[in-house]
Asks: 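Shown below is the structure under consideration.
Computed over heavy atoms, backbone and side chain alike; hydrogens, waters and symmetry mates excluded. Not measured: the values here are computed from a predicted model. When a ligand or atom number is given, it counts from 1 through the structure's own listing order.
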Amino acid sequence: MRVNQFPEDIQPYLIPEPSGDLIYRCLECGEQFGIRHLLYTCPGCGHVLLLYDAGFDRLREISGTLWRKIFDYRRMLNIPALNGIYRYHELIGPILPLDSVVWLGEGHTPVVEANARLQRKVGLRFYFKNDGQNPSASFKDRGMASALSYIQYLIKQGYASDVLAVCASTGDTSAAAALYASFLHPDVKSAVLLPHKRVTPQQLSQPLGSGAMVFEVPGVFDDCMKIVEHLSDHYNVALLNSKNAWRILGQESYSYEIAQGFEYDMAGKTVVAPVGNAGNITAIMSGFLKFHDLGIIDDLPRIIGVQSEHANPVYKYYLEPDPQKRRFEPVQVKPSVAQAAMIGNPVSMPRVIRLVAEYNRRAGEQKTFVVEVSEQEIMDWQLRANRNGHVVCTHGGECLAGLVAARKSGKIAGHETAVLDSTAHALKFADFQQMYFDNNFPEEYGITPRSELINAPELVRPPDLKHVPEPGSPLAGKQLEDFVKRIAEEIAVRLDLKKV
Ligand SMILES: *Cc1c(COP(=O)(O)O)cnc(C)c1O
Ligand SMILES: [Zn+2]
């Protein structure tokens, strides 16, 4: 719809103009810094930063009701820059002119309700938000769209040129970083560091296909992270890990979309997300807090973070009920099928600690929880979900296993509604499914396949069938007839089909 066709009271707000006053704020010492230079850590004390809008109060001048209308009407626009996460421009990157926005199709992923059978099995109503339907097939595209839009802005303003973007990755960050950087090639080039043999072949193929420099490094993600931190401290590179606060801003769109998708009614809702480096859960909390702050939602949803027993530092931290006594200890990770979350020392932990406290304070009760699940549960629930019409990867399975655990322990009631973050597409992690079907998980995973969830293709080649098509020599005539008839008969026997 064209702008002049919208209701008049909405027209002035439809197309956002650059506004606001974004600053980096250190979570430790409170020092603030301008955004003309990319910062990852506080130049004063070295701790992580978040971006704040020092002009946020101007947004309060618009009522929650009007904001809802603005976001809802923006759905009808056909302006590429506003088709994705920048529908929420004022909250995600208010200073950016729309011509700096990079939109590759990310955002506004479907929220799909589980079928009745699966809901009965789990014991409450729930949905998957399919973030695997983003361009690089994971939610990481949200934050990357934000980070690269900002970099494009810096380039257009003449504040940056010839950017070399780097990241460490468990597979999906590098896929997203390489994709978005390649869109801005040659102004932006990218290099990614991956833990050797700890990303799936599909994930490895993604940055290679986008033309990034790909470095495989011995060790696990936490080791790669240390190296890119060293690179960003000592060399002129742009860090694209979620340590980069611009990533967090973009990922907040996930919360905004959920709120909008449920008509801004968050009462009795729970959002479930896997936790690895903890950037996503940081953004989810921050996003709902901003919507709440502006009166766009009246209630804060419950947030449940899920971790595998093999990479559970955040879960362990919150086991201690007394906030004064909590001590963060990185853990040594063990191999996990939720490989993208196989992180022992999450970079965003200080953000999580800050935001969890703020979230619960604002909600007036404990609304944030972390649950732990086994590798076995992750695989079993992934496969069950996918046998009921979903396309979740191991991390979506982790969410579902987490929901089941939360339901069992009474953290969520049967009359409530949950939205599960299906963080990546099932195809990225097809190898874990195969290992399950072939029952050949290395012992350290501790996974024993359940026979009812195993599946395998069956070759149909009756021994008495003389002629079958070969490459370059198709069958014809009587041979083709025999072939079709015998194969069909054989399939009918195996499927126990009745003749009509
Ligand atoms: C990155 C990632 C996670 C973990 O998100 P964090 O922000 O690191 O906590 C979970 N699932 C998938 C598929 C991912 O790519
Ligand atoms: Zn500081």
Asks: In sequence, state the C-alpha distance, the side-chain angles, and the governing distance for K290 and E90, and then conclude on salt bridge (Lys or Arg N to Asp or Glu O under 4.0 Å).
Replies: CA-CA 11 Å; K290 281 193 201 167; E90 292 85 346; over 6 Å; no
Asks: Answer yes if the ring centres of Y159 and H37 are under 6.0 angstrom apart, and no otherwise.
Replies: no
Asks: Would you mind checking if R354 and E358 are paired as a salt bridge, meaning a charged N to carboxylate O distance below 4.0 Å?
Replies: no
Asks: Assess H47: does it contribute an N, O or S atom lying under 2.8 Å from the Zn ion (ligand 2)?
Replies: no
Asks: Show me the pairs that pass ring-ring contact (aromatic ring centres under 6.0 Å, His included) and involve residues 300-333, at least two apart or across chains.
Replies: none
Asks: If you count only heavy atoms, which residues are under 4.0 Å from ligand 1?
Replies: F139, K140, D172, P274, V275, G276, N277, A278, G279, N280, A340, H395, T423, A424
Asks: Answer yes if the ring centres of Y254 and F139 are under 6.0 angstrom apart, and no otherwise.
Replies: no
Asks: So does E229 pair up with K243, basic N to acidic O under 4.0 Å?
Replies: yes
Asks: Given atoms SG of C29 and SG of C26, what angle do they subtend at the Zn ion (ligand 2), to the nearest 10 degrees?
Replies: 110°
Asks: Hey, are E329 and K316 close enough for a salt bridge, meaning a charged N less than 4.0 Å from a carboxylate O?
Replies: no
Asks: With the Zn ion (ligand 2) at the centre, find the angle made by SG from C45 and SG from C42, to 10°.
Replies: 110°
